[in-house]
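A short worksheet on the structure shown next.
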There are 2 protein chains.
Amino acid sequence: MDLRPHAHDGERLATACREAGLKATPQRLAVLKALLTSREHPGPEAVFRQVRGELSSISLATVYKTLDALEAAGLVERVTPLSDGRRYDANRTPHHHLVCTTCGRIEDHEDPALAPPVPPQLGGFQARSVRVEVLGVCAACRREA
Amino acid sequence: MDLRPHAHDGERLATACREAGLKATPQRLAVLKALLTSREHPGPEAVFRQVRGELSSISLATVYKTLDALEAAGLVERVTPLSDGRRYDANRTPHHHLVCTTCGRIEDHEDPALAPPVPPQLGGFQARSVRVEVLGVCAACRREA
DNA sequence: AAACTAGATGAGAACTATTCTCAACTAGAA
DNA sequence: TTCTAGTTGAGAATAGTTCTCATCTAGTTT
């Protein structure tokens with residue numbers, strides 16, 4: 001279900017929550033609406049500020065919990081799936097990363113065929129490099145499950 | 001210069017630092033060596049633990065500063081360029097992100113031609129989704145510079 | 001419609017990751 | 001050898017995120 005065209009329609013959002021097994025609370029609807037109407041890829045703090053306008057009593061902790069819940073339900077996505085702490089790599093040859101969403105392990109994957117070319121210019125945006133992350137489950141975690 | 005084949009050769013690493021305009025301190029060489037010999041994409045804490053083995057007096061703050069310096073010098077890369085806080089997106093249609101490395105703004109970019117197919121299986125790794133991030137400088141930041 | 005209950009919320013404390021500050025130190029230049 | 005800009009170590013400070021728990025409420029049951 002694409003929620004965007006009807007972002008202002010509370011009942012649709014409520015239904016989406018319920019279908020995902022979440023209670024349709026005013027807080028959740030407000031957070032969801034804020035994300036649906038924003039183009040800024042906001043973080044928790046920004047969502048909090050935005051939502052406070054219509055729900056002045058909401059707490060920051062609730063925003064965090066709500067974002068987690070909406071993400072787990074697949075209604076919202078983290079632009080930064082790897083954002084739990086930094087990770088470094090000294091391998092300077094072009095390669096992709098296979099990120100295990102279960103254990104967090106990151107494997108290098110060199111496959112020139114899969115490598116997208118660095119696009120030169122996209123609109124007014126000047127590209128420098130491209131990163132590709134493949135999210136999934138690694139061999140070890142699959143064995144356990 | 002690819003440093004990996006000679007990761008044990010201190011003088012090569014020292015030269016690489018100097019060429020990048022950094023003093024070749026034992027701390028830097030140790031951090032660099034730790035990254036070059038690891039396949040784990042370690043974070044600052046892991047590097048710290050590793051490096052302590054040979055340089056017991058090194059401090060965590062130095063590891064952070066060193067990682068920043070090596071990254072700025074291009075000797076090392078952050079696997080997680082967007083890791084300064086979480087960002088969310090409710091746009092569930094497939095698209096890329098154009099990430100401005102100057103101001104941090106993230107733009108959506110829908111371009112089916114550029115979209116890589118989700119690979120089914122890579123070795124033992126079961127892929128679920130692919131993310132593509134294009135790093136560069138946005139129009140607004142280019143105007144200022 | 002009223003009662004019930006699992007799940008959700010708010011507030012602040014707690015925790016973790018990261019950055020800052022600054023005096024002491026040292027690599028590399030002169 | 002001397003000099004100096006850049007670097008380090010230690011701990012304090014800050015920022016981001018999670019936890020705890022008493023209270024509340026959405027949705028279900030009666």
Side-chain angles (χ1 to χ4, degrees), chain A residues 10-32 34 41-49 51-73 75-76 78-88 104, chain B residues 10-32 34 41-49 51-73 75-76 78-88 104:
Chain A
E11 204 42 56
R12 277 181 73 92
L13 301 187
T15 301
C17 281
R18 292 191 198 103
E19 280 177 356
L22 299 173
K23 287 184 178 174
T25 67
Q27 290 85 344
R28 277 179 187 153
L29 301 183
V31 167
L32 196 42
H41 305 84
E45 194 70 44
V47 169
F48 180 52
R49 282 194 305 270
V51 165
R52 265 190 147 170
E54 76 179 56
L55 243 183
S56 63
S57 68
I58 197 172
S59 79
L60 181 57
T62 295
V63 171
Y64 271 96
K65 285 184 272 203
T66 300
L67 289 170
D68 285 349
L70 294 175
E71 185 192 5
L75 294 173
V76 143
R78 237 157 124 151
V79 177
T80 52
L82 300 178
S83 66
D84 302 318
R86 320 169 164 191
R87 306 285 291 269
Y88 289 88
Chain B
E11 203 43 53
R12 276 181 74 90
L13 301 187
T15 302
C17 281
R18 291 191 198 101
E19 280 177 358
L22 299 173
K23 287 183 180 174
T25 67
Q27 290 87 344
R28 277 180 188 152
L29 301 183
V31 167
L32 195 42
H41 304 85
E45 194 70 43
V47 170
F48 180 52
R49 283 194 304 270
V51 165
R52 265 189 147 171
E54 74 178 58
L55 243 183
S56 62
S57 68
I58 196 172
S59 80
L60 181 56
T62 295
V63 171
Y64 271 95
K65 284 184 272 202
T66 300
L67 289 170
D68 285 349
L70 294 176
E71 185 192 4
L75 294 173
V76 143
R78 237 157 124 153
V79 178
T80 50
L82 300 178
S83 65
D84 302 318
R86 320 169 163 190
R87 306 285 291 267
Y88 289 88

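Just so we're clear, the structure is a prediction, and the values are computed from it rather than from any experiment. In what follows, chains are A, B, ... by sequence order, proteins preceding strands, each numbered from 1.
When the salt bridge (Lys or Arg N to Asp or Glu O under 4.0 Å) test is applied to B:Arg52, no partner is found at least two apart in sequence or on another chain. Scored by the salt bridge (Lys or Arg N to Asp or Glu O under 4.0 Å) test, B:Glu45 finds no partners at all (sequence neighbours excluded). Applying the side-chain contact (heavy atoms from CB on, under 4.5 Å) criterion to B:Arg18, with sequence neighbours excluded, gives B:Glu11, B:Ala14, B:Thr15, B:Ala24. Take B:Arg78 and apply the side chain to side chain donor-acceptor pair (under 3.5 Å) test, not counting sequence neighbours, and it matches B:Ser83, B:Asp84.
In terms of heavy atoms, B:Val51 sits closest to B:Ile58 at CG1-CD1, 3.8 Å. Residues B:Leu75 and B:Ala20 share a closest heavy-atom pair of CD1-CB, 4.5 Å. Scanning all heavy atoms of the two residues, the minimum distance from A:Gly85 to B:Thr80 falls at O-OG1, 4.2 Å. Of all the heavy atoms in B:Leu32 and B:Cys17, the pair that sits closest is CD2-SG, 4.2 Å.
Atom-to-atom, CD of A:Glu45 to P of D:dT14 comes out at 16 Å; the value is rounded to the nearest Å. Atom P of nucleotide D:dG16 and atom CZ of B:Arg87 are separated by 12 Å, given to the nearest angstrom. Taking atom CG on A:Asp68 and atom C1' on D:dG16, their separation rounds to 13 Å, with Å as the unit.
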Residues 60-72 of chain A, side-chain donor-acceptor partners within the protein, below 3.5 Å, at least two apart:
| unit_1 | atom_1 | unit_2 | atom_2 | d |
| --- | --- | --- | --- | --- |
| A:Thr62 | OG1 | A:Ser59 | OG | 3.2 |
| A:Thr66 | OG1 | A:Thr62 | O | 2.7 |
| A:Asp68 | OD1 | B:Arg86 | NH1 | 3.4 |

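Protein chain B contacts DNA chain C over a range whose 5' and 3' limits, counting nucleotides with an atom under 4.0 angstrom from a non-hydrogen atom, are C:dA17 to C:dG28.
One finds no side-chain N or O of A:Tyr64 lying less than 4.0 angstrom from the OP1 or OP2 phosphate oxygen of D:dT18.
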- Each nucleotide of nucleotides 20-30 of chain D classed B (base within 4.0 Å of a protein heavy atom), S (only sugar-phosphate) or -, in 5' to 3' order, makes B-----BS---

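No donor-acceptor distance shorter than 3.5 angstrom exists from the side chain of A:Arg87 to the backbone of B:Val79, with no hydrogens or angles considered.
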- Note on the structure: Note, DNA chain D 5' to 3' with Watson-Crick or G-U pairs under 3.5 Å encoded as ( ), [ ], | and . gives ||||||||||||||||||||||||||||||

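Here the side chain of A:Leu60 is nearest to one of D:dT17, D:dG9, D:dT8, namely D:dT17.
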